[in-house]
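Inspection log for the structure reproduced underneath, given as C-alpha cells.
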Amino acid sequence: MLGRAILNIKARRRKFYPNKNFGSFIKDINTEPYEQWALAFANQALDGLDGVYAVGVRSAQDGTVLKLMINRREYEVELSDI
C-alpha cells in the first residue's frame, strides 16, 4: 500500500491516461506556504486509497518528507525528485 501511495503522489495529475484524476499537483507548487499546499495535494492524490492519509509535510535538504498514515501506522517518506 505504501508503494501505491507514493506512486499516486509522484504522478502528475491530469497527465495520466485514462484516469485524469490520478496523481497530484505537488510538482506544480510555486507559492508559499509550500508545506500546506503539499499536504492538501497529497491528500487529494490519496483520496481513492482506503485508510491512507498524509498527516504531515516538511521540507528537507534533499527534497520533501511526507508523513503518511496507513491503516493507523505512520510512515515517513522522502521524495527527492519533487
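Everything quoted here is computed from the prediction, not taken from an experiment. The figures here come from the full heavy-atom set of this structure, side chains too, leaving out hydrogens, waters and symmetry mates.
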* Not counting sequence neighbours, which residues clear ring-ring contact (aromatic ring centres under 6.0 Å, His included) with F22? List them please. => F16

* Structure fact -> For Y53, the ring-ring contact (aromatic ring centres under 6.0 Å, His included) test, sequence neighbours excluded, returns none

Looking only at non-hydrogen atoms, find the nearest pair between [X] and [Y] and report the distance.
| X | Y | value |
| --- | --- | --- |
| A38 | V57 | CB-CG1, 3.9 Å |
| S59 | Y34 | OG-CD2, 3.9 Å |
| A45 | G23 | CB-O, 3.2 Å |

* Let me see the working for N8 and L49 under side-chain contact (heavy atoms from CB on, under 4.5 Å), right down to the final yes or no. => CA-CA 9 Å; N8 281 23; L49 299 178; 3.7 Å; yes

* Asked: Under a 4.5 Å side-chain heavy-atom rule over Ile, Leu, Val, Met, Phe, Trp and Tyr, are L46 and M69 clustered together?
  -> no

* Assess whether atom NZ of K20 is packed by more than 12 heavy atoms of other residues, nucleotides or ligands within 6.0 Å. => yes

* Go through the structure and list residues passing side-chain contact (heavy atoms from CB on, under 4.5 Å) with A42, not counting sequence neighbours. => I9, I26, A54, L66

* Asked: Can you tell if the side chain of V65 reaches within under 4.5 Å of the side chain of V77, non-hydrogen atoms only?
  -> no

* To do: Using the side-chain contact (heavy atoms from CB on, under 4.5 Å) rule, take L39 and V55 through it: C-alpha gap first, then chi angles, then the decisive distance, then the call.
  => CA-CA 7 Å; L39 185 61; V55 294; 5.8 Å; no

* To do: Kindly say whether N21 contributes a backbone atom to a donor-acceptor pair with the side chain of R13 at under 3.5 angstrom?
  => yes

* Asked: Are the side chain of K27 and the backbone N or O of K10 linked by a donor-acceptor pair below 3.5 Å?
  -> yes

* To do: Sort and list the pairs that fulfil salt bridge (charged side-chain N to carboxylate O under 4.0 Å, His left out) and have at least one residue in residues 28-55, not counting sequence neighbours.
  => R12-D28

* Provide the full list of salt bridge (charged side-chain N to carboxylate O under 4.0 Å, His left out) pairs with a residue in residues 55-71, sequence neighbours left out, each pair given once. => R58-E76, K67-E74

* Between CG on residue L68 and CG on residue L2, distance to nearest 0.5 Å -> 6.5 Å

